[in-house]
Amino acid sequence: MKSALYLYNTISRKKEMFEPLAPPFVGMYVCGPTVYSEAHLGHARPAVTFDLLYRYLMHLGYQVRYVRNITDVGHLENEVDDSGEDKISRKARQENLEPMEVVQKYMNSYHTAMEKLNTLPPSIEPRATGHIIEQQQLAERLISKGYAYEVNGSVYFDVEKYDSMHSYGILSGRVLEDMRANSRALEGQDEKRGQFDFALWKKASPDHIMRWPSKWSDGFPGWHLECSVMSTKYLGDTFDIHGGGMDLIFPHHECEIAQSTASQGHSPVRYWVHNNMVTINGQKMARSFGNFITLEELFTGSHKMLVQAYSPMTIRFFMLQAHYRSTLDFSNEALLAASLGLQKLLTAERTLASLKPSDESTADIRGLSKKCYDAMNDDLNTPVAIAQLFDAVRIINLVNDGKEKLSAADITSVKELFKVFVHDLFGLKAGESVGNDKLAGVLQLLLDMRQEAKARQEWSVSDRIRDRLSELGITVKDRKDGCDWEITA
RNA sequence: GGUCGGUUGGCCGAGUGGCUAGGCAUCGGUCUGCAAAACCGGGUACGGCGGUUCGAAUCCGCCACCGACCUCCA
């Protein structure tokens, strides 16, 4: 272990030293997407955040089981609406598809986007539909323990009862009594005993497509059950880390705690870790605001709010430049800044590879690595770690200019620093190289001819080559000794 | 209304009771046939009003504003 990692635990509201239950093993469960539409910007934040945590834990030497679910039973679109249609069913009806076709389509979209963002695949990616039986079993267990009741073929969790025995709201800081005082009673029929009770099993209306048989009714599992079931099934009754977006704290994670505590006497989770939300031009991203951007639109620049495309690595770097518990505001200006910053970082790494060692060092690069680790250990403070990397960038460039010197040993340790932080932990990789060697060869030929033209002072020829390549999205970069090129579009 | 979080320089975004965050932009310079690229360097900051303190942007109080959650949501 390098040193102690501190993580902010939502339930204690403090940074706590991370100590796994059974080292060297670590169990981490993260709430994944409901697959009823294209993967969007909001999906990227937790994916990148917990990918970072996953990578860091492994780097520290832990053996991590990373479980991230796919919710493929659509949560109810509108609980009050008695039609009880869920998101996936609705989408299936609208697009005239099987629900599982909808699920497959958007799951593929999610996976593709995640791969582009260079997030490592989880160890297990369980799906709600694959755990219907276990969910029924948990519902049954909660009934037998007196924490749940059946009405008209549906099963509800009795929040009042639970609150009288334990305490409902410990994660989100809510008090049931206050909630009662501050919310109007919902109008109309409700088969629930208490207004805060939530469904464990829901009877399907006749036209509801996704349904499974059960002792209570043909229906489908409730909102929060799948995560309780799948996390403990694969990670045990008590596991180390449960992650997800902050918007899931209430009611989703609160209900998970209630279900598990009611069924097994204690919460299964030791550290609750939540990432903050993404905003766009200062506004929450929501369909109703018209600022809803899918990851594919971002990567291709096809959304009307985007002035250009932003590469997956730019998105990733942009997210890492902010702390995961801060809201992160997307704008063209901010993304462009991130993209240029990333380019600078990666360019310096190429410079580093060709640096000439000196007998001694005049620049101090020791300490940078420790500062990076310190930052990571302080609740994954990636922006501070990145600032250290830019310090290294400045030194690399100064050495390259002959204004500072680095010994061979120091150069090696800077290389190691970049390898560990830029690549292994931050998961950043250099942009696409040329698809194949032939193109590289052709380019080299063109650039050689341009150099010769320049030597003969035939500027019209050399400029023409440069301009035509530029139109093709290839930027020619003249250097003191020869020239370099980069695919920029 | 309730709960929680935030307000940092042109933009994004860290952080600490006294010591330059960093990136982008801008300005100056190096380089260059020109341009771009690349590199170096400089400046501008901590919402308002009180308080604690030798000293606060950092702690406390009040006010203003913004956001998240309270319904599905990453």
Side-chain angles (χ1 to χ4, degrees), chain A residues 10 13 30-34 36-37 39-50 71 74-80 86-87 169 172-175 178-184 186 196 223 243-252 254 274-279 282-287 317-318 321-323 325-345 347-348 351 371 375 378 381-391 393-394 396-398 400-401 403 454 457-459 462-463 466-467 470 475-480 483-486 488:
Chain A
T10 307
R13 285 168 213 188
V30 175
C31 286
T34 304
Y36 67 100
S37 67
H40 58 76
L41 197 45
H43 291 129
R45 190 100 197 257
V48 169
T49 298
F50 293 101
T71 297
H75 296 167
L76 280 189
E77 186 70 24
N78 186 345
E79 192 192 344
V80 184
D86 75 36
K87 287 173 177 171
S172 57
R174 272 156 233 266
V175 177
D178 295 347
M179 287 169 64
R180 250 183 257 120
N182 286 308
S183 68
R184 292 167 263 162
L186 293 173
F196 299 107
W223 302 253
M246 271 184 184
D247 52 339
L248 297 177
I249 292 173
F250 189 91
H252 186 57
E254 201 69 77
H274 291 99
N275 63 273
N276 214 318
M277 313 305 281
V278 165
T279 58
Q283 263 191 322
K284 182 193 175 184
M285 186 177 81
R287 288 173 207 282
F317 181 70
F318 180 58
Q321 266 195 312
H323 186 85
R325 283 192 292 116
S326 302
T327 54
L328 178 60
D329 190 46
F330 272 68
S331 62
N332 280 295
E333 210 177 355
L335 284 169
L336 192 62
S339 129
L340 293 172
L342 174 62
Q343 224 167 53
K344 180 175 181 171
L345 188 68
T347 300
T351 306
K371 284 180 187 169
D378 183 14
N381 198 330
T382 49
V384 167
I386 288 173
Q388 305 308 318
L389 293 178
F390 277 106
D391 270 358
V393 167
R394 193 172 41 80
I396 289 166
N397 290 328
L398 283 167
N400 193 42
D401 280 5
K403 291 170 183 163
K454 283 176 71 175
Q457 301 198 349
E458 292 171 5
W459 310 127
S462 66
D463 289 355
R466 182 217 290 160
D467 295 344
S470 171
T475 303
V476 176
K477 301 175 175 183
D478 286 333
R479 303 186 62 87
K480 280 185 209 125
C483 77
D484 208 355
W485 55 270
E486 187 177 37
T488 48

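From a predicted model like this one, the values you see are computed outputs, not experimental measurements.
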In whole Å, what separates the P atom of B:G33 from that of B:U20?
40 Å

Atom pair distance, as rounded to whole Å: CZ in A:R13 and P in B:U3
11 Å

What's the CG-C1' distance between A:D467 and B:A35, to the nearest Å?
9 Å

Of the options B:A74, B:C40, B:G33, whose atoms approach the side-chain atoms of A:N275 most closely?
B:A74

Atom-to-atom span, CZ of A:F250 to C1' of B:C73 - whole angstrom:
14 Å

Does the pair A:D478/A:R466 count as a salt bridge with the N-to-O cut at 4.0 Å?
no

If you find the nucleotide of RNA chain B closest to A:Q388 and the one closest to A:G245, which residue's nucleotide is nearer the 5' end?
A:Q388

With a non-hydrogen cut-off below 4.0 angstrom, is A:L398 in contact with a base, only sugar-phosphate, or nothing?
sugar-phosphate

Roughly how far apart are A:K87 NZ and A:T34 OG1, rounded to 0.5 Å?
6.0 Å

What does A:L248 touch in the nucleic acid at a heavy-atom separation under 4.0 angstrom: a base, only the sugar-phosphate, or nothing?
sugar-phosphate

Which distance, rounded to the nearest 0.5 Å, do you find between the CD1 of A:I396 and the CG of A:D401?
12.0 Å

Pi stacking test for A:F390 and B:G23: under 5.5 Å apart, planes under 30°:
no

Span that lies between the C1' atom of B:A25 and that of B:G42, in whole angstrom
15 Å

Which part of the nucleic acid does A:V278 contact within heavy-atom distance under 4.0 Å: base, sugar-phosphate only, or nothing?
base

Think A:N276 has a side-chain N or O under 4.0 angstrom from the OP1 or OP2 of B:A68?
no

Whole-angstrom distance between B:C46 and B:G41, as gauged at atom C1':
25 Å

Taking pairing as Watson-Crick or G-U wobble with both contacts under 3.5 Å, can you name the mate of B:U30, or confirm there isn't one?
B:A38

Is there a Watson-Crick or G-U wobble partner for B:G9 with both distances under 3.5 Å, and if so, which one is it?
none

Rounded to whole Å, how long is the line connecting atom CD1 of A:I386 with atom P of B:G15?
13 Å

Return the pairing partner of B:A57 with a 3.5 Å limit on both distances, Watson-Crick or G-U wobble; otherwise return none.
none

Integer angstrom distance from the P of B:A38 to that of B:U26:
13 Å

Which of B:G33, B:G23, B:C73 is nearest the side chain of A:W459? It is B:G33

Measuring to OP1 and OP2 of B:A38, would you say a side-chain N or O of A:K344 lies under 4.0 angstrom away?
no

Base B:A35 to side chain A:R466, donor-acceptor N/O within 3.5 Å cut-off:
yes

Check for a donor-acceptor pair, side chain of A:N397 on one end and backbone N or O of A:V393 on the other, with a separation under 3.5 Å.
yes

P atoms of B:G61 and B:C19, separation to the nearest Å
25 Å

Euclidean distance, A:N275 CG relative to A:F50 CZ, rounded to 0.5 Å
5.0 Å

Whole-Å distance separating the NZ atom of A:K477 from the P atom of B:C34:
20 Å

Paired nucleotide for B:C69 [Watson-Crick or G-U wobble; both distances under 3.5 Å]:
B:G2

Shorter than 3.5 Å, N or O on both sides, protein versus nucleotides 12-14 of chain B: list them out with atom names.
| residue | atom | partner | partner atom | Å |
| --- | --- | --- | --- | --- |
| B:G13 | OP1 | A:D329 | N | 3.2 |
| B:G13 | O2' | A:Q321 | O | 3.4 |
| B:A14 | OP1 | A:H323 | N | 2.8 |
| B:A14 | OP1 | A:S326 | OG | 2.8 |
| B:A14 | O3' | A:N381 | ND2 | 3.4 |

Candidate nucleotides B:A25, B:C70, B:A74, ranked by approach to the side chain of A:M277 - the nearest:
B:A74

What's the gap between B:A45 and B:U3 when it is taken at their C1' atoms, as a whole Å value?
31 Å

Let me know the distance between CG of A:L345 and P of B:A38, rounded to the nearest Å.
13 Å

Between the main-chain N or O of A:S172 and the side-chain N or O of A:E254, is there a donor-acceptor pair closer than 3.5 Å?
yes

Regarding A:G42, tell me which of base, sugar-phosphate or nothing describes its non-hydrogen contacts under 4.0 Å with the strands shown.
base

Both A:K454 and A:E333 contact RNA chain B. Which one's nearest nucleotide lies toward the 5' end?
A:E333

Considering only the P atoms, how many Å lie between B:G47 and B:G6, rounded to the nearest integer?
13 Å

B:A74 phosphate, OP1 or OP2: any side-chain N/O from A:T34 under 4.0 angstrom?
yes

Spacing of A:M277 atom CE and A:M285 atom CE [to the nearest 0.5 Å]
8.5 Å

Of all the heavy-atom pairs spanning A:R45 and A:V278, show the shortest one and how long it is.
CD-CG2, 3.8 Å

One should read off an interatomic distance between A:L328 CG and A:Q321 CD, to the nearest 0.5 angstrom, of 9.5 Å

Apply salt bridge (Lys or Arg N to Asp or Glu O under 4.0 Å) to A:D391 and A:K371, showing your working.
CA-CA 11 Å; A:D391 270 358; A:K371 284 180 187 169; 5.5 Å; no

Who is the Watson-Crick or G-U wobble partner of B:A21, with both distances under 3.5 Å?
none

Can you tell me how far C1' in B:G22 sits from the matching atom in B:U8, rounded to whole Å?
14 Å

From the options B:C72, B:C40, B:C39, select the nucleotide whose nearest atom is closest to the side chain of A:D401.
B:C39

Would you kindly check whether a donor in the side chain of A:D478 faces an acceptor in the base of B:A38, or vice versa, at under 3.5 angstrom?
no

Mark yes or no for a side-chain to base donor-acceptor pair under 3.5 Å between A:R174 and B:C4, with no hydrogen or angle criteria applied.
no

